[in-house]
Participant: 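Got a structure for you, written out below as structure tokens; questions coming shortly.
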Amino acid sequence: MKHTKVKDLLNSSKVNYEVNAKGWVRTFRNNQFIALNDGSTINNIQCVVDFENTPETTLKRITTGAAVSVIGQLVESQGAGQKFEIQVSHLEILGDSDAEKFPMQPKKHSLEFLRENAHLRVRTNAFGAIMRVRSVLAHAVHTYFQEKGFVYVNTPIITGADAEGAGEMFQVTALPVDNLPITEEGAIDYKKDFFGKHTNLTVSGQLEAETYAMALGQVYTFGPTFRAENSNTSRHLAEFWMIEPEVAFNDLDDNMDLAEDFIQYVIKYTLDKCPDDLKFLESRLLEEEKSKPQAERSEMTLLEKLNFVLKNNFKRVSYTEAIDILRDSTPNKKKKFQYLINEWGADLQSEHERYLVEKHFKCPVILFDYPANIKAFYMRLNEDGKTVRAMDILFPGIGEIVGGSQREERYDVLIEKMKVLGIDEEELWWYLDTRRFGSAVHSGFGLGFERLVLFVTGMTNIRDVIPFPRTPQNAEF
Ligand code: ATP
Ligand code: MN
């Protein structure tokens with residue numbers, strides 16, 4: 001007999017027929033009621049064991065974490081809390097789980113403890129829900145772009161570019177680190193390395209994606225990205241997944257429209273596909289917030305927050321306006337910010353971004369037209385000569401979720417900028433070819449997938465929304 005997924009059993013349109021379910025025991029109550037979960041849904045199916053006719057030795061093996069297969073009638077449940085249950089006629093223990101040793105006990109565990117057991121935490125309700133939502137969000141990303149005719153481009157993970165302009169890089173080498181080949185000048189001889197040159201893990205697929213946008217029109221990447229930034233925060237990973245659309249003939253306004261429409265689409269998609277998981281995550285968040293002081297609790301529940309983002313336009317504010325707001329803000333005047341905002345040109349820290357989003361505007365904010373000298377070399381210089389067509393999207397509880405720009409399409413201006421910053425023209429010869437041959441206005445952005453998952457799941461630490469997080473001093477599993 002073929003087994004049926006718990007999700008399908010719980011949605012069954014008929015009753016009183018024989019079914020087979022397989023899964024892992026979440027709890028076993030009164031020597032009679034198994035709560036069985038197989039990961040297809042957050043909900044368990046109750047399996048009622050005929051304990052009088054089941055050997056004591058078998059009953060003892062029905063422990064939390066054990067894998068079991070049950071065969072029995074699917075019937076309407078007498079008990080409260082579930083529509084259907086299985087009256088078990090045959091039970092088989094597929095894999096035992098020592099109740100004394102299994103770390104995932106049916107009780108509340110700290111998130112820190114769960115991180116140390118990342119291979120088992122997915123057996124909890126919360127992590128099952130998070131990982132299903134993550135998967136659906138990934139599908140939503142592809143669905144959105146594919147429906148709009150974007151081409152999915154796989155940019156390289158090992159890159160030959162030393163300056164992708166986005167952050168500290170991890171080196172990739174096949175050289176023996178304890179016996180490096182040295183040039184006559186005494187430097188490491190990368191000519192002898194695997195690729196015959198110095199290589200890194202990518203920090204962004206943007207530059208390669210731009211070359212593809214200049215032929216295919218609308219493209220997007222969705223792949224792993226690496227940053228060797230030693231910032232141990234709740235929003236940074238050393239390995240994360242980034243979504244980077246790049247569109248020919250889009251200016252900065254089109255770019256903002258695309259980002260906003262995209263984010264609203266994927267949230268709506270997930271609200272439609274994951275109602276049970278999101279409802280669970282909403283109650284989890286409410287529970288967690290009870291331990292916080294009133295002032296720090298969010299004013300909206302998770303679902304209210306998600307719906308708010310769908311129903312309201314993101315507030316578009318220039319960097320210059322933002323500086324004025326921050327300069328006159330109470331935390332700035334009372335010197336509550338760690339970095340005080342005194343003048344135009346200051347780089348915004350996450351405390352400032354969060355003030356704008358959470359205290360001042362109380363909605364997602366798109367900041368645009370940043371000072372040229374705090375942004376990357378490839379951003380389009382404005383007519384004022386001092387700002388660039390950059391945009392960052394800031395979200396409540398998260399801070400920056402998107403960073404993007406209209407790209408500098410003018411060869412001369414781009415070269416000039418690279419010279420000033422000391423970026424090697426020869427190394428980026430292929431990138432500069434896009435400006436030499438058929439250059440055109442184009443724009444794109446990068447969205448950190450985990451920051452999106454953080455927002456949608458209401459989790460607060462980025463380590464909890466990726467299966468096996470990579471952070472400074474941590475690469476277990
Ligand atoms: P931040 O200021 O938060 O470090 P950034 O300015 O370095 O971000 P970008 O280089 O613009 O970010 O990257 C685009 C997007 O990738 C960001 O908006 C963010 O969503 C995501 N991102 C950047 N760095 C990380 C990281 N270390 N871990 C997870 N996501 C990241
Ligand atoms: Mn960064």
Side-chain angles (χ1 to χ4, degrees), residues 134 137 141 155 159 161 163-170 200-207 209-210 220-246 252 255-256 258-260 262-263 266 314 319 339 346-354 356-357 364-368 370-371 373-379 388-407 443-457 459-475:
R134 181 183 166 106
L137 268 171
V141 168
T155 50
T159 176
E164 288 174 331
E168 291 297 310
M169 303 179 105
F170 287 102
N200 291 307
L201 290 179
T202 183
V203 290
S204 159
Q206 179 201 318
L207 304 188
E210 281 186 56
Y220 71 106
T221 74
F222 184 5
T225 312
F226 307 86
R227 297 197 183 175
E229 41 194 11
N230 205 355
S231 43
N232 231 324
T233 77
S234 56
R235 299 172 306 111
H236 288 92
L237 291 163
E239 175 181 293
F240 64 101
W241 287 66
M242 187 144 64
I243 297 145
E244 294 181 281
E246 192 67 40
L252 189 64
N255 203 28
M256 295 191 223
L258 176 68
E260 186 168 342
F262 167 71
I263 292 173
V266 296
F314 299 1
Y319 167 89
Y339 297 89
D347 202 354
L348 300 185
Q349 306 295 327
S350 110
E351 57 180 344
H352 309 127
E353 296 176 346
R354 295 188 66 160
L356 290 169
V357 175
V365 172
I366 310 184
L367 289 186
F368 62 92
Y370 280 77
N373 58 3
I374 59 170
K375 287 288 178 185
F377 73 95
Y378 48 70
M379 297 187 181
V388 286
R389 283 183 202 163
M391 63 137 183
D392 279 3
I393 302 186
L394 314 177
F395 260 48
I398 311 278
E400 179 185 331
I401 191 164
V402 163
S405 66
Q406 183 177 323
R407 318 306 189 188
S443 300
F445 61 83
L447 177 139
F449 185 53
E450 284 74 19
R451 296 210 184 153
L452 178 66
V453 184
L454 266 183
F455 183 74
V456 174
T457 58
M459 299 302 289
T460 46
N461 191 317
I462 201 160
R463 291 165 181 76
D464 298 329
V465 297
I466 187 164
F468 299 101
R470 297 286 175 257
T471 50
Q473 299 300 309
N474 173 42

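What you see below is based on every heavy atom in this structure, not just the backbone, and it leaves out hydrogens, waters and symmetry mates. Sequence positions, counted from 1, serve as the residue numbers for this chain. When a ligand or atom number is given, it counts from 1 through the structure's own listing order.
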Participant: Are Tyr378 and Gln206 linked by a side-chain donor-acceptor pair shorter than 3.5 Å?
Facilitator: yes
Participant: So, is Met242 polar-close to ligand 1, with some N/O to N/O distance under 3.5 Å?
Facilitator: no
Participant: For Ile462, is there any backbone N or O sitting under 3.5 Å from a side-chain donor or acceptor partner on His236?
Facilitator: no
Participant: Please tell me whether Arg407 and Ser405 have a donor and an acceptor in their side chains that are separated by less than 3.5 angstrom.
Facilitator: yes
Participant: If you measure every N/O of Leu447 against every N/O of ligand 1, is any gap under 3.5 Å?
Facilitator: no
Participant: Is the closest heavy atom of Thr225 to ligand 1 under 4.0 Å?
Facilitator: no
Participant: Quick one: do Phe368 and Leu252 satisfy side-chain contact (heavy atoms from CB on, under 4.5 Å)? Show the steps, please.
Facilitator: CA-CA 9 Å; Phe368 62 92; Leu252 189 64; 4.0 Å; yes
Participant: Under 4.0 Å, heavy atoms only, figure out whether ligand 1 is touched by the backbone of His236, its side chain, both or neither.
Facilitator: both
Participant: Does any N or O atom in Ile462 lie less than 3.5 angstrom from one in ligand 1, N or O only?
Facilitator: no
Participant: Which of the atoms in ligand 1, numbered in the order shown and given with their element, are less than 4.0 Å from a heavy-atom of Gly403?
Facilitator: 11 (O), 18 (O)
Participant: List ligand 1 atoms under 4.0 Å from Arg235, heavy atoms only on the residue side.
Facilitator: 3 (O), 28 (N), 29 (C)
Participant: Which is closest to atom 9 (P) of ligand 1 in terms of heavy atoms, Gln206, Glu168, Arg227?
Facilitator: Arg227
Participant: With a 3.5 Å cut-off and no angle check, do the side chains of Glu244 and Ser204 form a donor-acceptor pair?
Facilitator: yes
Participant: Please state whether the rings of Phe262 and Phe445 are parallel, tilted or perpendicular, taking 30° and 60° as the class boundaries.
Facilitator: tilted
Participant: What are the two closest heavy atoms between Val141 and Val266, and how far apart are they?
Facilitator: N-CG1, 3.9 Å
Participant: Hey, which atoms in ligand 1 end up nearer than 4.0 Å to a heavy atom of Glu229?
Facilitator: 24 (N), 26 (C), 27 (N)
Participant: Under a 4.0 Å heavy-atom limit, does Val203 contact ligand 1 with its side chain, its backbone, both, or neither?
Facilitator: neither
Participant: Who gets closest to atom 11 (O) of ligand 1 by heavy atom: Glu400, Glu244, Glu450, Lys375?
Facilitator: Glu400
Participant: State whether the side chain of Arg134 and the backbone N or O of Val465 hold a donor-acceptor pair below 3.5 Å, judged by distance alone.
Facilitator: yes
